[in-house]
Each structure stands twice: as structure tokens, then as C-alpha cells.
Participant: 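Sharing a structure with you now.
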Amino acid sequence: MTAPRFRIAPSPTGFFHVGGARTALYNWALAKRLGGTFVLRIEDTDEERNRPEWNQGIIDALAWIGISADDPAFEGPYFQSHYAAEHVAAGVRLFDAGHAYYCDLTSEQVQERSKASGKPGYDGHSRDRGLEPGPGRVLRFRVPDGSTVVHDAVRGEVTFDNATIEDFVLLRGNGSPMFLLANVVDDMLMRISHVIRAEEHLPNTPKQQMLWEALGHAAPEWAHVPLLVNEQRKKISKRRDKVALEQYRDEGYLPGAMVNYLMTLGWAPKGDTEIVPWATIESEFRLEDVTHSPAFFDLKKLAAFNGEYIRAMPVEEFSAACEPWLAQWRDAHPEAVWNQEWWTTMAALVQTRVVTLAEAPAMVDFLFTPAPELDPASVAKVTSPQAESVLRASAEAFASCAWSADAIKVAFEVVAEAHGLKPGKAQAPVRVAVTGRTVGPPLLESMELLGRDRILGRIDALRERIAVT
RNA sequence: GCCCCCAUCGUCUAGUGGCCUAGGACACCACCCUUUCAAGGUGGCGGCACGGGUUCGAAUCCCGUUGGGGGUGCCA
């Protein structure tokens, strides 16, 4: 048996769809494990959506999820537009062999005839009219009688009655090839042995299989994997859903988490945990084990996976991984004074509290800005005589205590006891004064870093704010 | 309308005729831990769409119903 050849055939749209990413991953896992080839073919023949600059975006998106163009198993990219002559030639061959015929009806006329007869689709009007090629004439495939059985690796046998399939168009009136033809001819040219794609293509499959056979080849192995859907159970689309892989990347999702999560949609690794390394996925993934029903693309679960992956990182790695987002924050806050050591100290505390890397700056911003941005709701929570009293007592205690997290803790305990509060409660007003919010990373460590003077200044500032309110 | 696919906790799934009193994960709830919030630990809630068969025995096989979804272009 020759090595299998897989492929993905995205069109350049300016972003890479997460559903396409999952399909790519399925193909990639199999190509790698079976010693096969993963072919990238960019279907750039739709003139309305075709920008050369989008091509690099596809390569980059694939690289991000671990499908590297430098890997020996990777082949391409090929561009569908480069094979237009072959597509047309195949159409002509089909015509010469009697598998296709020309028709001079416009699409409007086809519609009218359909409406008049009450039957959907094209009625085969020109099947036996013996028309020669000419301007405005489309080439249609002569769908044979009988039925077409598609052998699908995930769904088993699917039978289509050919009577329900109209004589579809191969070449447009202007002579250009249609998707169905181009797609099949390309797959033949590239010797694709396995076509793994989304379920939406299943209805196309009998047509493509007939094309393969009419062109004198055995059809490839088909596999139609379930769709990714939103909470309304509709397939996720650019219009209503967040589908761009690049967007998740920019929001600080880790590629490992995204890949792992995507692979659990429609499939599951053996055992009781879904969090598994790619090596496990690569060795265990089987098309036969893919689920048949659509899967909800759940952002909550993706976030949970991402949190797991973030926490699994060595802290140095986490710290470094945050850098792009920290740099972005610095650019947006020229007034801030960055202190790399402080960040390094805080990184471990931040790591267990973020779900995406993009959330990191907001966890530590108060350390670097001259004054914390006071969150109104948080300020409201600590606007009370008791809070004011706690702030005053704290300021007094901090003015004289030793300056370390431990000493600050003791000082807090004294203040808390004097007010009949639990230490955590007593911290709240000070936390708002120091960080601007009621929640955040552990306070004592932050206070130690900021130093006595800044802390006292911030407490004063909040006291004034509360008094004015 | 026609064609096709699908149906296990709210969600993602395990399960391929007896091991199922249906397992895990996310979410949710409670408790523990605790300097807020997290993280972590423990426990809980919660499901085989429905109706017929087949079988000694069905979540697993068959048929139907219902309910979802996809496809029906001179788009890809």
C-alpha cells in the first residue's frame, strides 16, 4: 500500500476558521501517524474573495496549531488557480466521452422551467440536443441512472438515488471551471487518497464520486466529520460567531490548549482525562472513532482548557509568554513605570488567576501606574465609616511597622481585631486604595513591592475620595 | 418542497447486547483550604428523545415518530 495523501483546501478569506483548523488537525494527525503526506491547496478561484496576502495568513495559522510547512510531511501550498487549464481540459474530456453536454439555457431560464414544471433543479433540457460548445453555453455533467454509494470512514455507507441529483454545471458560460470539477481534478492531480472534510460537503460527494469515475479513477476514501455549532445549534460562521483562529491567538489562548480542545470536539482520547499531549492524540486518533453528531464550540470549556495549560507552564515560561501583551499594555500607558523584577515576582500569583495571557496586564497594572485606576463599584463598596476607620488605622500601623509581607500581615491582623473583622474583610478598603479594585492578586506581596510611601499615599488618596463622595 | 446526516447529563464525550446501579470532563451548587479573587481538595446535582419490535437480556440491533442540523447557484 502506498503512503496515504491527505489534504485541506481552504479558500483565502482573511482568517482561518476554527472548524477548518480542526479538520486540518484531523488530517495532520493521520498523515503524521501513517507516514503520509499533508497537502495544502489554497482554493483561490473565487475572484470575489481572493487576496494574495491572505495566503501567508493560512500558513501562519497552520504553523500556530503545530502544522509546520517545514515538516517533511507537509506539501504545498498549491494554488487552485494555477490548474485552471487542467480543469477545463477535464471538462472537455468529459464532453468528448459523452459524460457531459452543453446547454444554452441561462440560470433564469432554468429557474423558470423549474417553476413551470413544479420540479426543482435543472430538468435535463439539453441532454440530447447535441449542442456544441459556444459562448454562454455551460457544460453539464450527464448524471447516470441508478444510485451512488459513498463509503464514508465515519458514517459508513451513504446511498444517493441519482434521480435526485441534477445534471450539475462543470464549466460556466464563460468557460471557467466550477468548484466541483476543479476540486476533483486537483485531488486527482495531487494523488489525494483521503478526503477528510466537514459534513456540509457530504451532499456534494456523490457528484464528485461520479466525476472521479467518469474521469477514469477510483474515488478516494471519504470522511465527513461533524460540524461545529453555536448555542443555537447552527454551524458556526463568521457572521454570528467568533470563528477566527487568529483572534483566539491574539487574545492569549495557547496553541496547545486550542489544539487539544478542538480535538475533543467529535472525538475523545482514551482514559478519563481529555487533557492530553499531541503525541497521544497523534497515536490514538482514528476516523472510525469520530462522533456523528454536531459539537457545540463551547468558549467556556476552551477557557478551562486554556487555564489548565497556563497553569501547567513553568512560571518562567508563563512570564515570558505574557510579554507581548505586557508590551502592548506599556505602549498604551506611557505614564507607567515598568519594573521587570516586580513582574517576575508577581508572575506566579498571576498565573493561577488568568484564563488567557491577555488578562495578565490587568492583574498587575496598578503596580506600575502612578495611581491605581479606581473602579467606581469597588469604591462604593468601601464607602462607609467603618472602612474609613480601617483605612486610618491601617495607615497608622503601616507608618511604623517593618516593611515586609509578613509584618504587614501582622499589622492587618491588629487592625482587623480592633474592628471586629476577619483579616480578609479588613483588607478590602486597603485593597481598593492600593489596586483600585476589590479583587486581584494577593495584596501583601504587592504592598511590599510598592513600598511604604506609595502605600500611604494611596490610602490617603482613597480617604479623600471617600470623604468627598 | 426535495435529498442527506444526526439523536447518552445544560455542554463535550465514554459506552459497540450482559462488566451500566450508565463512567469522565466543562459548567453549576456545597464544604474544606485561604489575605480578596483564583488555584487546589472533597462531595453533590444532572442523561440513554418517544413508540414499537428482535433477544433469555438493549443506551447498544431493526422499524417508525418527533426533534435538530446540513445541502439544494453559471459560490467555494
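So you know, we letter chains A, B, ... as the sequences are listed, proteins then strands, and number each from 1.
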Participant: My understanding is that only residues two or more places apart in sequence, or in another chain, count here; which of them pass side chain to side chain contact (heavy atoms under 4.5 Å, CB included) with Lys207(A)?
Facilitator: Ile165(A), Phe168(A), Leu180(A)

Participant: Show me the donor-acceptor pairs, under 3.5 Å and distance only, between side chains in residues 411-419 of chain A and residues at least two apart or in other chains.
Facilitator:
from: His419(A); atom 1: ND1; to: Val415(A); atom 2: O; distance (Å): 2.9
from: His419(A); atom 1: NE2; to: Ser389(A); atom 2: OG; distance (Å): 2.6

Participant: With sequence neighbours excluded, what pairs up with Asn174(A) under the side-chain hydrogen bond (donor to acceptor under 3.5 Å, both in side chains) test?
Facilitator: Ser176(A)

Participant: Can you tell me, in whole Å, how much space there is between the P of rC9(B) and that of rG47(B)?
Facilitator: 9 Å

Participant: Expressed as a whole number of Å, how far does the P atom of rC62(B) sit from that of rU8(B)?
Facilitator: 16 Å

Participant: Which base, if any, makes a Watson-Crick or G-U wobble pair with rU42(B), both distances under 3.5 Å?
Facilitator: rA30(B)

Participant: Round to the nearest Å and state the distance from Asn306(A) atom CG to rC26(B) atom C1'.
Facilitator: 14 Å

Participant: Can you list the residues that meet the side-chain hydrogen bond (donor to acceptor under 3.5 Å, both in side chains) rule with His87(A), with sequence neighbours excluded?
Facilitator: Asp186(A)

Participant: Does any nucleotide pair with rA14(B) by Watson-Crick or G-U wobble geometry, both distances under 3.5 Å, and what is it?
Facilitator: none

Participant: I'd like the C1' distance from rC29(B) over to rG46(B), given in whole Å.
Facilitator: 12 Å

Participant: Between His87(A) (NE2) and rC75(B) (P), how many Å, whole number?
Facilitator: 16 Å

Participant: Distances under 3.5 Å between protein N/O atoms and the N/O atoms of nucleotides 40-50 of chain B, please, pair by pair.
Facilitator:
from: rG40(B); atom 1: OP1; to: Arg311(A); atom 2: NH1; distance (Å): 3.3

Participant: Which listed nucleotide (rC4(B), rA39(B), rA76(B)) is nearest to the side chain of Thr352(A)?
Facilitator: rA39(B)

Participant: Check every atom of rC5(B), rC6(B), rG70(B) against the side chain of Glu200(A) and return the nucleotide holding the closest atom.
Facilitator: rG70(B)

Participant: Assign a letter to each nucleotide of nucleotides 28-36 of chain B from its 5' end: B, base within under 4.0 Å of a protein heavy atom; S, sugar-phosphate only; -, no contact.
Facilitator: -------BB

Participant: Given rC26(B), rC6(B), rC75(B), identify the nucleotide with an atom nearest to the side chain of Arg172(A).
Facilitator: rC75(B)

Participant: Mind jotting down which residue pairs meet the salt bridge (Lys or Arg N to Asp or Glu O under 4.0 Å) criterion with at least one end in residues 157-174 of chain A? Sequence neighbours excluded, please.
Facilitator: Arg127(A)-Asp167(A)

Participant: Would you measure the distance from the P atom in rC48(B) across to the matching atom in rG10(B) and give it in whole Å?
Facilitator: 8 Å

Participant: Kindly state each residue pair satisfying salt bridge (Lys or Arg N to Asp or Glu O under 4.0 Å) with at least one member in residues 306-318 of chain A, sequence neighbours excluded.
Facilitator: none

Participant: Just to verify, what does Glu388(A) make a salt bridge (charged side-chain N to carboxylate O under 4.0 Å, His left out) with, not counting sequence neighbours?
Facilitator: Arg392(A), Arg463(A)

Participant: rG68(B), OP1 or OP2 - any side-chain N/O from Lys234(A) closer than 4.0 Å?
Facilitator: no

Participant: So which nucleotide does rC2(B) pair with, by the Watson-Crick or G-U wobble rule with both distances under 3.5 Å?
Facilitator: rG71(B)

Participant: Would you give me the side-chain donor-acceptor pairs under 3.5 Å for residues 432-439 of chain A, sequence neighbours excluded?
Facilitator:
from: Thr435(A); atom 1: OG1; to: Arg431(A); atom 2: O; distance (Å): 2.8
from: Thr435(A); atom 1: OG1; to: Arg437(A); atom 2: N; distance (Å): 3.1
from: Thr435(A); atom 1: OG1; to: Arg437(A); atom 2: O; distance (Å): 3.1
from: Arg437(A); atom 1: NH1; to: Ala362(A); atom 2: O; distance (Å): 3.4
from: Arg437(A); atom 1: NH2; to: Ala362(A); atom 2: O; distance (Å): 3.4
from: Arg437(A); atom 1: NH2; to: Asp365(A); atom 2: OD1; distance (Å): 3.0
from: Arg437(A); atom 1: NH2; to: Asp365(A); atom 2: OD2; distance (Å): 3.0

Participant: Does His292(A) have a side-chain nitrogen or oxygen under 4.0 Å from the phosphate oxygens OP1 or OP2 of rC5(B)?
Facilitator: no

Participant: Take atom CD of Glu359(A) and atom P of rA38(B), then tell me their distance rounded to the nearest Å.
Facilitator: 13 Å

Participant: Is it true that the NZ or CZ of Arg129(A) lies under 6.0 Å from the centre of Tyr101(A)'s six-membered ring and within 45 degrees of the ring axis?
Facilitator: no

Participant: Could you list, one pair per line, each protein nitrogen or oxygen that sits under 3.5 Å from a nitrogen or oxygen of nucleotides 12-15 of chain B, together with the distance?
Facilitator:
from: rC12(B); atom 1: OP1; to: Arg233(A); atom 2: NH2; distance (Å): 2.3
from: rC12(B); atom 1: OP1; to: Phe296(A); atom 2: N; distance (Å): 3.1
from: rC12(B); atom 1: O2'; to: Thr264(A); atom 2: O; distance (Å): 2.8
from: rC12(B); atom 1: O2; to: Glu274(A); atom 2: OE2; distance (Å): 3.4
from: rC12(B); atom 1: O2; to: Lys301(A); atom 2: NZ; distance (Å): 3.2
from: rU13(B); atom 1: OP1; to: Gly266(A); atom 2: N; distance (Å): 2.4

Participant: Among His201(A), Arg197(A), His292(A), which one satisfies side-chain hydrogen bond (donor to acceptor under 3.5 Å, both in side chains) with His224(A)?
Facilitator: Arg197(A)

Participant: Would you mind reading off the distance between Asn174(A) atom CG and rG73(B) atom P, rounded to a whole angstrom?
Facilitator: 18 Å

Participant: In whole angstrom, what separates Asp161(A)'s CG from rU72(B)'s C1'?
Facilitator: 15 Å

Participant: Output a table of donor-acceptor pairs, distance under 3.5 Å, between side-chain atoms of residues 280-287 of chain A and any protein atom two or more places apart or on a different chain; print 'none' if there are none.
Facilitator:
from: Glu282(A); atom 1: OE1; to: Trp278(A); atom 2: NE1; distance (Å): 2.8
from: Ser283(A); atom 1: OG; to: Ala279(A); atom 2: O; distance (Å): 3.3
from: Ser283(A); atom 1: OG; to: Thr280(A); atom 2: O; distance (Å): 3.2
from: Glu284(A); atom 1: OE1; to: Lys270(A); atom 2: N; distance (Å): 3.0
from: Arg286(A); atom 1: NH1; to: Ser283(A); atom 2: O; distance (Å): 3.2
from: Arg286(A); atom 1: NH1; to: Glu284(A); atom 2: O; distance (Å): 3.3

Participant: Applying a 3.5 Å limit to both distances, which nucleotide forms a Watson-Crick or G-U wobble pair with rC20(B)?
Facilitator: none

Participant: Would you tell me whether Ser81(A) and Asp44(A) have side-chain atoms, one donor and one acceptor, within less than 3.5 Å of each other?
Facilitator: yes

